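What you see is a predicted model; the values in this text were computed from it and never measured.
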Number of protein chains: 2
Amino acid sequence: MNKKRRTDINSYIQSKGEVTMNELENLFPQVSSMTLRRDLNYLESQNKIIRTRGGAKSIEFLSIGAQEERYLKKTLTHIDEKNIIAAKAVKLISPERSIFLDAGSTSMCLAKMLPDERYYVFTSAPNVAMEVVYSTSSTVNLTGGEINRDNLAVSGAGAVEFMENVNVDIAFIGVPAFDLHNGFSCGNINDSQLKKAIIKRAAKVVVLMDSYKNGINLPYTFARLSDVDIVISDGKLPKEFLDEAKKNNVKVL
Amino acid sequence: MNKKRRTDINSYIQSKGEVTMNELENLFPQVSSMTLRRDLNYLESQNKIIRTRGGAKSIEFLSIGAQEERYLKKTLTHIDEKNIIAAKAVKLISPERSIFLDAGSTSMCLAKMLPDERYYVFTSAPNVAMEVVYSTSSTVNLTGGEINRDNLAVSGAGAVEFMENVNVDIAFIGVPAFDLHNGFSCGNINDSQLKKAIIKRAAKVVVLMDSYKNGINLPYTFARLSDVDIVISDGKLPKEFLDEAKKNNVKVL
DNA sequence: AATTCGGTTGTTTGAAATGAACAATAAAGG
DNA sequence: CCTTTATTGTTCATTTCAAACAACCGAATT
């Protein structure tokens with residue numbers, strides 16, 4: 001079995017949403033269509049895609065209902081960068097640890113990549129929580145409060161209080177905006193307070209930030225560079241950022 | 001175009017997850033397979049199902065990954081009864097009200113039926129919360145705490161405390177078991193405490209109970225018949241239950 | 001090096017599913 | 001009652017499919 005071909009086919013389908021046999025045959029002229037069909041069947045058995053007449057569709061794509069499109073758009077922008085970041089982040093996690101996963105599409109990416117082990121997971125996002133419950137054997141805790149329609153985060157007074165009483169080994173914080181002068185900021189006061197509370201409680205603070213977030217300002221600063229331990233990005237951050245990080249003893253991956 | 005046939009086909013697919021053409025042909029012997037195929041294509045164009053070779057699959061179902069199957073099984077047992085119950089329940093709800101939706105598959109059914117209005121929704125289930133966020137314009141509040149893998153309920157001390165501070169006009173409580181002697185009971189102490197707290201805070205308490213739950217005992221009683229205002233069931237409850245309900249001034253739908 | 005073995009890939013082939021095109025039927029409107 | 005339009009049924013050529021077997025590859029064993 002050619003594993004690479006199968007993962008290639010899968011990523012192609014995941015990025016395009018669907019394929020036809022003809023497409024695949026052009027894409028992989030070296031292999032026979034029977035083999036491609038076998039690959040599709042395999043991927044279907046793994047619940048990655050579903051077979052249709054003359055091709056296949058991505059399950060990810062289908063599972064996103066019409067109403068979710070607004071959120072979907074955000075999920076899909078810069079998806080490659082987010083996958084890179086999440087792949088780096090998942091390496092920092094080991095079983096039986098207590099981890100916090102923020103709300104947002106990058107964290108969701110990370111949640112999907114978690115190996116099926118037992119962790120103690122805290123999160124403020126119901127979608128992340130469900131993903132972790134389903135795909136790992138972890139204990140999952142969710143902060144309570146009102147759900148923000150934009151990023152699906154639960155926040156508010158209750159959430160802050162909840163997080164003030166837990167110890168986390170490693171917290172993964174999504175970042176809506178960063179600016180050298182104002183630090184990490186976001187557009188919602190509740191989210192900002194929750195992030196602050198978590199950063200205070202976490203032994204290690206890891207920030208997930210794709211390079212498009214750099215140079216943007218939002219109203220509420222929740223952390224400075226000096227407050228975090230590791231910044232994970234996609235390798236396209238400018239030199240000034242890297243210098244400033246080094247000055248603050250922050251590792252950049 | 002026969003609209004009823006198409007909605008029938010759709011609900012059949014939604015409840016079973018998938019169909020084959022043969023199945024449909026047996027189900028609708030009056031119509032030709034070409035027509036059925038046309039129906040499937042139509043439903044696909046409406047994003048209700050996706051066509052496969054020799055049949056179709058529910059989109060809802062696909063979004064449920066392999067790991068979710070355990071929960072899925074519960075979702076699918078007695079699905080008709082649950083739909084009947086949810087349909088009755090949704091009639092009790094009007095816009096701008098503050099409502100509580102319990103965890104569990106019956107509540108999830110109810111959530112899916114909510115018209116797109118603005119409510120103030122409180123729930124202890126992240127899947128219910130997401131459904132309501134996506135399909136209505138409501139303000140959605142989630143209780144915090146640990147997620148129970150069996151029923152996807154968030155419960156624990158935090159959840160109880162959270163619910164003690166809110167006012168709900170109408171609470172829909174799912175029931176795992178009922179017995180004339182021990183009242184409504186469930187198998188988890190945390191869930192039981194949360195249900196108790198909600199019943200205390202709700203102006204009107206509505207219990208969603210399919211008839212299969214009658215005559216079963218579980219360790220933790222969270223309410224007596226006299227504590228609730230309305231019991232919604234599927235019309236298959238025994239006379240003794242109805243008598244007892246009348247004695248306690250409980251309406252049975 | 002030759003042999004064997006497990007697994008993957010290619011080819012042939014008959015069966016199944018599909019949709020186009022046209023015929024039949026039902027429904028709607030004058 | 002006739003005309004028009006939409007839906008449904010039937011036939012049929014085309015496409016897609018997987019079973020079965022053959023060929024191939026690579027690794028382990030002799």
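Note on residues 20-31 of chain B: pairs passing salt bridge (charged side-chain N to carboxylate O under 4.0 Å, His left out), not counting sequence neighbours, are B:K16-B:E23.
Partners of B:D169 under the salt bridge (Lys or Arg N to Asp or Glu O under 4.0 Å) rule, at least two apart in sequence or in another chain, are B:R97. Partners of B:D229 under the salt bridge (Lys or Arg N to Asp or Glu O under 4.0 Å) rule, at least two apart in sequence or in another chain, do not exist in this structure. The salt bridge (Lys or Arg N to Asp or Glu O under 4.0 Å) test applied to B:E44 returns A:K57, not counting sequence neighbours.
No side-chain heavy atom of B:T143 sits under 4.5 Å from any side-chain heavy atom of B:T123. For the pair B:E117/B:T136, no side-chain contact is recorded, criterion being any heavy-atom separation below 4.5 Å from C-beta on.
Ion pair A:D8/A:R5 not flagged as a salt bridge, since none of the NZ, NE, NH1 or NH2 atoms sits closer than 4.0 Å to an Asp/Glu carboxylate oxygen.
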Item to check | Letter per nucleotide, 5' to 3', of nucleotides 15-26 of chain D [B base touched, S only sugar-phosphate touched, - untouched; heavy atoms, 4.0 Å] | outcome: BBSBB-------

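For C:dG10, one of the phosphate oxygens OP1 or OP2 lies less than 4.0 angstrom from a side-chain nitrogen or oxygen of A:S32.
Regarding A:L36, its CG atom lies at a distance of 15 Å from the C1' atom of C:dT11, rounded to whole Å. A:Y42 places its OH atom 17 Å from the C1' atom of C:dT9, with the value rounded to the nearest Å.
Judged by distance alone, the side chain of A:S58 and the main-chain N or O of A:G17 form no donor-acceptor pair under 3.5 Å.
Less than 4.0 Å separates DNA chain C from at least one heavy atom of each of the following residues of residues 23-30 of chain A: A:Q30.
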